[in-house]
2 protein chains.
Amino acid sequence: MSSTPPPKRGYHHGDLRAELVREGIALLAETGVAGFSVAKVAVRAGVSSAAPYRHFPDREALLAACAAGIIADLTEVSIAAAERAGPDPVERLAATAGAYAGYVLAHRAGLDLLYGHDFSGRHRQTIHEQSRRLLDTLMALAADVLPPDTSWAETTDFVYAHVAIAHGYATLHTRPPRDVDVLTVRAVAVARDHITGHLMRPR
Amino acid sequence: MSSTPPPKRGYHHGDLRAELVREGIALLAETGVAGFSVAKVAVRAGVSSAAPYRHFPDREALLAACAAGIIADLTEVSIAAAERAGPDPVERLAATAGAYAGYVLAHRAGLDLLYGHDFSGRHRQTIHEQSRRLLDTLMALAADVLPPDTSWAETTDFVYAHVAIAHGYATLHTRPPRDVDVLTVRAVAVARDHITGHLMRPR
DNA sequence: GTCTATATTCGGATAGAC
DNA sequence: GTCTATCCGAATATAGAC
């Protein structure tokens with residue numbers, strides 16, 4: 001999850017900053033950005049509505065921290081899924097679609113924040129950096145699947161399409177909530193179809 | 001767009017109900033559900049903040065009407081795209097992905113409403129009915145692509161995957177806004193890869 | 001560093017004039 | 001059918017006590 005660079009622990013709470021991010025992500029999962037408020041997060045964390053402002057200058061900063069935490073989580077589950085998938089490059093890449101979809105399904109609408117919210121300036125930069133690790137991970141897996149002479153641009157397009165499939169498959173099915181395991185398996189199957197079809201393209 | 005069954009025109013405004021839905025969709029496109037409010041829609045339509053409540057009992061009803069309008073629009077552009085694509089069944093189906101993605105890209109975050117908002121009871125029913133026409137359209141196009149002995153269940157899964165690809169591809173690219181035409185073409189290509197790969201599955 | 005106010009703004013919804 | 005005026009609740013953010 002999100003790191004806590006400055007160790008600003010102190011009073012009777014272990015690490016409020018980290019807990020606010022945790023609760024913020026949970027609230028986003030339940031209500032989406034529309035239902036998000038600093039006050040609600042504070043209540044969930046068991047502190048007053050003013051407490052969060054000691055750790056975040058304003059509402060946007062807390063939102064951005066939650067977004068960064070979500071991306072970090074996505075990266076973790078994607079890496080873990082590829083590891084579990086075994087040696088076949090196609091299966092390794094396809095597995096990340098399942099992991100991605102599974103996380104989104106578990107966190108329902110929480111993703112409208114990442115792709116629907118308009119972060120400004122400084123926060124956008126932070127989130128972009130967090131996204132980098134996820135992208136690097138998928139690019140490496142994709143390189144193992146595509147022909148050796150594939151250009152960087154084509155690999156990038158391919159990875160974006162892969163993420164889009166996982167993302168779209170999950171978000172379309174978040175309401176009403178269905179069985180996560182079944183949907184995860186299907187997301188992997190769709191990703192596999194995409195990979196297979198792409199490799200059939202005339203070159 | 002959304003129909004206006006009871007012709008409740010009268011005063012110095014042509015058809016306020018329809019205009020509220022239009023402006024509501026436009027506002028959703030700009031701000032997502034998070035920034036939506038009845039008051040803002042009223043201002044955009046040039047009426048007082050109380051006026052909308054003559055046409056919609058509450059905020060949720062206006063939101064639901066906007067959602068129904070968006071789905072109706074999606075259905076229109078999908079049908080038109082298939083018509084323009086010519087006789088090849090694969091191209092006809094793939095084209096609907098481009099139309100869907102193009103509409104979503106043009107309306108940015110407006111789709112978090114459809115798939116992220118929790119409509120309750122009666123409104124959910126209305127929206128489900130609106131979705132039906134879109135689903136029927138795509139099912140027919142999919143039936144022309146898949147082998148004749150394909151089960152209804154498999155066709156349904158296939159159509160959902162198709163929509164998910166178009167939806168995911170568009171939503172991932174809405175921020176920052178890029179060239180719509182380029183992305184539409186790519187969405188079609190990705191959908192084509194999915195169709196091709198699916199037809200390669202061992203049966 | 002967290003608390004208890006509190007100032008302020010905004011949005012949902014209603015009442016009553018026209 | 002629309003307006004003005006108003007009430008109420010919720011949320012952001014700040015001030016000052018501890």
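By convention in this document, chain letters (A, B, ...) are assigned in the order of the sequence lines, proteins followed by strands, and residues within each chain are numbered from 1.
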What integer distance in Å separates [X]:[atom1] from [N]:[atom2]?
X     : N      : atom1 : atom2 : result
A:F36 : D:dA10 : CZ    : C1'   : 15 Å
B:H55 : C:dG12 : NE2   : C1'   : 17 Å
B:Y53 : D:dA5  : OH    : C1'   : 15 Å
B:E60 : C:dG11 : CD    : P     : 16 Å
B:D58 : C:dG12 : CG    : C1'   : 9 Å
B:D15 : D:dG1  : CG    : C1'   : 13 Å
A:K40 : D:dA13 : NZ    : P     : 16 Å

All heavy atoms of A:A26 vs all of A:R44, minimum pair found to be CB-NH2, 3.5 Å
Kindly give the heavy-atom pair with the smallest separation between B:A191 and B:A97, and that separation in Å. CB-CB, 3.6 Å
Can you figure out which of C:dT14, D:dA15, C:dA13 approaches the side chain of B:A50 most closely? C:dT14
Of the options D:dG1, C:dC3, C:dG12, whose atoms approach the side-chain atoms of B:R54 most closely? D:dG1
With a cut-off of less than 4.0 Å, is there a side-chain N or O of B:R59 near OP1 or OP2 of C:dG12? yes
Does B:S48 reach a base, just sugar-phosphate, or nothing at all? Heavy atoms under 4.0 Å. base
Heavy atoms under 4.0 Å, any strand shown: does B:A51 hit a base, just sugar-phosphate, or nothing? sugar-phosphate
Could you label the plane-to-plane angle of the B:F119 and B:H117 rings as parallel, tilted or perpendicular, counting under 30° as parallel and over 60° as perpendicular? perpendicular
Look at the rings of A:H167 and A:Y115 and say which category their plane angle falls in: under 30° parallel, 30 to 60° tilted, over 60° perpendicular. perpendicular
